[in-house]
Structure formats: C-alpha cells, structure tokens
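Lettering follows sequence order; numbering is per chain, from 1. Model, not experiment: these values are computed from the prediction.
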Amino acid sequence: MQSSTFYQDVYDVVKLIPAGRVTSYGAIAAYLGTKGSSRLVGYAMNNSIKTEASIPAHRVVNRNGLLTGKFHFGPGNEMKNLLEQDGLEVMDNQVKNFKSVFWNPTIELEI
DNA sequence: GCGGTGACGAAGC
DNA sequence: AGCTTCGCCACCG
C-alpha cells in the first residue's frame, strides 16, 4: 500500500478487520513490521477517530482483550455497543472469547 | 531538530 | 499471581 505514514498503514489494516472479529494493537504493529511500536498503533487510532472516524477502532483491543480505548471513544459504553453490534460479547470492558474471535492480520492477510 | 507523547507489551518485583 | 516499571518508536508542536 502506498502509505505515506505509519498511521495510514494502521488505518488500512483496521479497516480490513472483519465484523465479529477483533485484533490487538501489537498484532497490527507486528503485521506492519513494527511490533516494537505497539503504542504507535494505539496512538494512531486515537488520531484516527479525529481524522478517519470511519475506522472500526472498536475492533481493536489490547492483548488482554480489554477495551482500553473505551474512554476515548465516547461518553459511555459506545465501544461496547459497537462490538455487540458486530456480534461480539463484551463484559466489563473485556471481549469474551477473545481468543476465539481474535483476528491475526499476520496470518489472515499473510504478508 | 529535539523533546514529549501514547487506546501497548513484556519483563521484573 | 497481580501490580509496577521500562522500553519502544513514529508523529506533533
């Protein structure tokens, strides 16, 4: 992808996340080849809300399946609501069966 | 051009 | 086994 910035790469990968699946920041970072900069992925998402609000950032959670960015999404449990709309089960800011719904771009997209 | 930042992750205690 | 600390690296001012 002719992405000028690392953020654009993150946006593109997140957009490829199928409904009903979730991935982790580190997985995206690893797919992009910058697994050490998992923080950048999260930071990119933060910027994505302001720039690319169409990105399903709610499908991206941390390694533990926790909705860490929930507070950045909206006033309340909007992130949880969006995940439920995708057919996911969320309890106490954590995706249930996270391991089962985990979407690994490195494998699914197979660089 | 440099320092601060950050929705993480892994290691250490 | 749970909490704390450090590292990491691209973007912004």
Side-chain angles (χ1 to χ4, degrees):
Chain A
M1 314 271 182
Q2 60 285 19
S3 42
S4 304
T5 61
F6 176 81
Y7 286 19
Q8 194 63 47
D9 275 348
V10 175
Y11 303 155
D12 187 70
V13 175
V14 174
K15 287 178 181 176
L16 294 176
I17 301 175
R21 304 286 174 149
V22 293
T23 190
S24 63
Y25 304 96
I28 297 174
Y31 171 72
L32 296 177
T34 55
K35 75 176 184 179
S37 48
S38 53
R39 300 165 114 188
L40 284 310
V41 179
Y43 194 52
M45 316 274 5
N46 187 6
N47 194 26
S48 75
I49 295 181
K50 296 180 293 190
T51 59
E52 304 284 340
S54 302
I55 295 183
H58 57 276
R59 293 178 189 160
V60 185
V61 293
N62 72 345
R63 192 65 180 88
N64 295 318
L66 279 175
L67 281 56
T68 46
K70 166 187 161 182
F71 297 99
H72 285 264
F73 249 84
N77 55 343
E78 180 157 339
M79 189 170 182
K80 177 182 177 183
N81 192 355
L82 290 170
L83 287 169
E84 289 179 346
Q85 290 182 24
D86 284 343
L88 294 169
E89 295 180 88
V90 181
M91 178 175 284
D92 193 26
N93 299 336
Q94 184 174 8
V95 179
K96 299 179 68 174
N97 300 325
F98 172 69
K99 183 179 179 182
S100 300
V101 298
F102 180 74
W103 181 78
N104 190 337
T106 307
I107 296 177
E108 298 295 333
L109 298 179
E110 292 189 27
I111 304 176

Do you know the tightest heavy-atom contact between A:Met79 and A:Phe73? SD-CD1, 3.8 Å
Quickly work out the A:Arg63 CZ to B:dA10 P distance and round it to whole Å. 7 Å
Is A:Asn46 touching bases, backbone alone, or none of the nucleic acid, heavy atoms closer than 4.0 Å? base
Gap between atoms CG and P, on A:Asn77 and B:dA7 respectively (whole Å): 20 Å
Cluster link A:Leu67 to A:Val22, ILVMFWY, side chain under 4.5 Å: yes
Does anyone know the first and last nucleotide of DNA chain C in reach of chain A, 5' to 3', at under 4.0 angstrom to a heavy atom? C:dG7 to C:dC11
Whole angstrom value for the distance that separates P of B:dG6 from CG of A:Leu40: 13 Å
Heavy atoms only, 4.0 Å cut-off, all strands: where does A:Phe73 land among base, sugar-phosphate and nothing? base
Take the protein atom NZ of A:Lys50 and the nucleotide atom P of B:dT5, then report the distance between them rounded to whole Å. 14 Å
For a quick check of understanding: with a heavy-atom distance under 4.0 Å over all strands, which category does A:Leu67 fall into, base, sugar-phosphate or nothing? nothing
For residues A:Phe98 and A:Val61, report the shortest heavy-atom separation together with the two atoms involved. CE1-CG2, 3.3 Å
With a non-hydrogen cut-off below 4.0 angstrom, is A:Ala57 in contact with a base, only sugar-phosphate, or nothing? base
Once you round it to whole Å, what is the distance between C1' of B:dG6 and NE2 of A:His72? 9 Å
Check: A:Tyr43 side chain, B:dA7 base, donor-acceptor under 3.5 Å: no
Rounding to an integer number of Å, can you tell me how far A:Leu83 CG sits from B:dA7 P? 18 Å
